[in-house]
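When a ligand or atom number is given, it counts from 1 through the structure's own listing order. Note that the structure is predicted; figures quoted are calculated from it, not measured. This chain uses plain numbering: 1 for the first residue, then up along the sequence.
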Amino acid sequence: MDLLRLTVNNGGNTSCHWRLTTSAVLQWIKSVEHLCNRCLLGFVMATKRSVGDLKEADLKGKKVFVRVDLNVPLDDNFNITDDTRIRAAVPTIKYLMGHAAKVILSSHLGRPKGVTPKYSLKPLVRRLSELLGVEVKMANDCIGEEVGKMVAEIPEGGVLLLENVRFYKEEEKNEPEFAKKLASLADLYVNDAFGTAHRAHASTEGVAKYLKPSVAGFLMQKELDYLVGAMSNPKRPFAAIVGGAKVSSKIGVIESLLEKVNVLLLGGGMIFTFYKAQGHSVGSSLVEGDKLDLATSLLEKAKSKGVSLILPSDVVIADKFAADANSKIVPASGIPDGWMGLDIGPDSIKAFGEALNATKTVIWNGPMGVFEFDKFAAGTEAIAKKLADLSGKGVTTIIGGGDSVAAVEKVGLADKMSHISTGGGASLELLEGKPLPGVLALDDA
Ligand SMILES: Nc1ncnc2c1ncn2[C@@H]1O[C@H](COP(=O)(O)OP(=O)(O)O)[C@@H](O)[C@H]1O
Ligand SMILES: O=C(OP(=O)(O)O)[C@H](O)COP(=O)(O)O
């Protein structure tokens, strides 16, 4: 049994010493009222039981329901255009195969309304088989008699992929009867779908109630270790870079980051709301008119917290939102009418680079500009290169968010970063201090 030694100073010259089980300590920590949400969350998230705790005796011949996030992009011909999420799921699956378990893989793809062939998981079978080195079988459904028969035929170390779990509306509604049907297929549950851990769905949350043990997979653990670790105990100075299109979808994360970071760099489309709030002309740049007061209050909060919040001093503007737009560089405080800001300028890139030089941890979410257009990709690419450079010098660099990750992939620097998150929404919710239902439902260590 895992025992922790707890020393409590009782206010006088003496201390009490207790030896407690980890789960007893967890229960106690959960009951402490003044513990802030983020500490509690970090602790709870970090103390879930892991698939690595299960050995051959627990796994040999056992049917394991593994929720993975295989929600990968496909082109019009159903070719996988980025297999990052499939590769990220491999360590847990291989571990289970290597311990003679019978692996049942479950995932969603897209947001289908009912059975929709274009959202079938069939196009993933070949790549999964290649990566796992076995012939992965595929079921035409995710519950029912036929699926039950296929499960019964899985050999030890074999893998069966179930059809898109979102073909049933009961999945997203987290209906207990549906969760029970999924649970009835297996002997134990592993959740490795970090990208979907912020969803309380039947296959991510409900099933954990009916299948024990319910444990976290290696990817889930790695994501939590980096993201919770970075937020709760970062090496300092700690910087965050937030970009992307909308202030409204990033407010929660900016507010949370202001409680934590030493440096906050803002880029992307959201900066124009901040400039407008300061009375600058922003031309036809993206602005959320109803968020001006909020932008002002975030700037004030940064000041009061002693956070060095840096907005770009210059921007690359365009005469239309298009790859072939005319462009020029202007001070951020003076964008002419009819022009829109689509990237941060060279002075800003330099200033951001200098601000990052002394940091020890950097979190990045959201591109600096419209990186999909080559003409406006320089800011995002420069940040990606800077972070790759910092990683090489021992700085912890963490990238979250679908578009930021795509930007880093585009410049071929993904493997240079300390951690690339497989979850956009999930990593944001975690950084905001929100608990992830898919994690909370798992067994405590
Ligand atoms: N100045 C800008 N004006 C309009 N759109 C922008 C601007 N800068 C970045 N964007 C867009 O923001 C989008 C990404 O935003 P977001 O979804 O918040 O990022 P992430 O997926 O990394 O969290 C990209 O498609 C990018 O083109
Ligand atoms: O792609 C996903 O989320 P993300 O785009 O926020 O990273 C996950 O697979 C969750 O999908 P959902 O947002 O349809 O629940």
Please state which protein non-hydrogen atom is closest to [atom] and give its distance, to 0.1 Å?
atom	answer
atom 15 (O) of ligand 2	Arg199 NE, 2.6 Å
atom 7 (O) of ligand 2	Gly424 N, 2.8 Å
atom 10 (C) of ligand 2	Gly195 O, 3.5 Å
atom 9 (O) of ligand 2	Asp69 OD2, 2.8 Å
atom 11 (O) of ligand 2	His108 NE2, 3.4 Å

Would you say the side-chain atoms of [X] and [Y] include a donor-acceptor pair closer than 3.5 Å?
X	Y	value
Ser120	Glu163	yes
Asn174	Glu205	yes
His108	Arg67	yes
Asp141	Tyr168	yes

Original post:
Can Glu177 and Lys181 be counted as an ion pair, charged N to O under 4.0 angstrom?
Top reply: no

Subject >> Salt bridge present between Lys48 and Asp443 (N-O < 4.0 angstrom) >> reply: no

If you round to the nearest 0.5 Å, how far is [atom2] of [Y] from [atom1] of [X]?
X	Y	atom1	atom2	answer
Ile317	Phe376	CD1	CZ	9.5 Å
Met340	Asp319	CE	CG	8.0 Å
Leu264	Leu309	CG	CG	4.5 Å

Subject >> Close-range residues for ligand 1, whose non-hydrogen atoms fall below the 4.0 Å threshold >> reply: Gly244, Ala245, Lys250, Gly268, Gly269, Phe272, Leu286, Gly341, Leu342, Asn365, Gly366, Pro367, Gly369, Val370, Glu372, Gly401, Gly402, Asp403, Ser404

Original post:
Given the rule in the side chain to side chain donor-acceptor pair (under 3.5 Å) test, do Thr81 and Asp75 qualify, once you have shown the distances and angles that lead to the verdict?
Top reply: CA-CA 7 Å; Thr81 54; Asp75 66 16; over 6 Å; no

Original post:
What about Gly423: any of its N or O atoms under 3.5 Å from an N or O on ligand 2?
Top reply: no

Original post:
Arg166 to ligand 2: N or O pair under 3.5 Å?
Top reply: yes

**OP:** Please check if a non-hydrogen protein atom sits closer than 4.0 Å to atom 5 (O) of ligand 2.
**Re:** no

**OP:** May I have the step-by-step check of side chain to side chain donor-acceptor pair (under 3.5 Å) for Ser129 and Glu135, ending in yes or no?
**Re:** CA-CA 5 Å; Ser129 301; Glu135 188 197 336; over 6 Å; no

Original post:
Of the choices Arg85, Arg111, Glu429, which has the non-hydrogen atom that lies closest to atom 12 (P) of ligand 2?
Top reply: Arg111

Original post:
In terms of atom number and element, which parts of ligand 2 are under 4.0 angstrom from non-hydrogen atoms of Asn71?
Top reply: 1 (O), 2 (C), 8 (C), 9 (O), 11 (O)

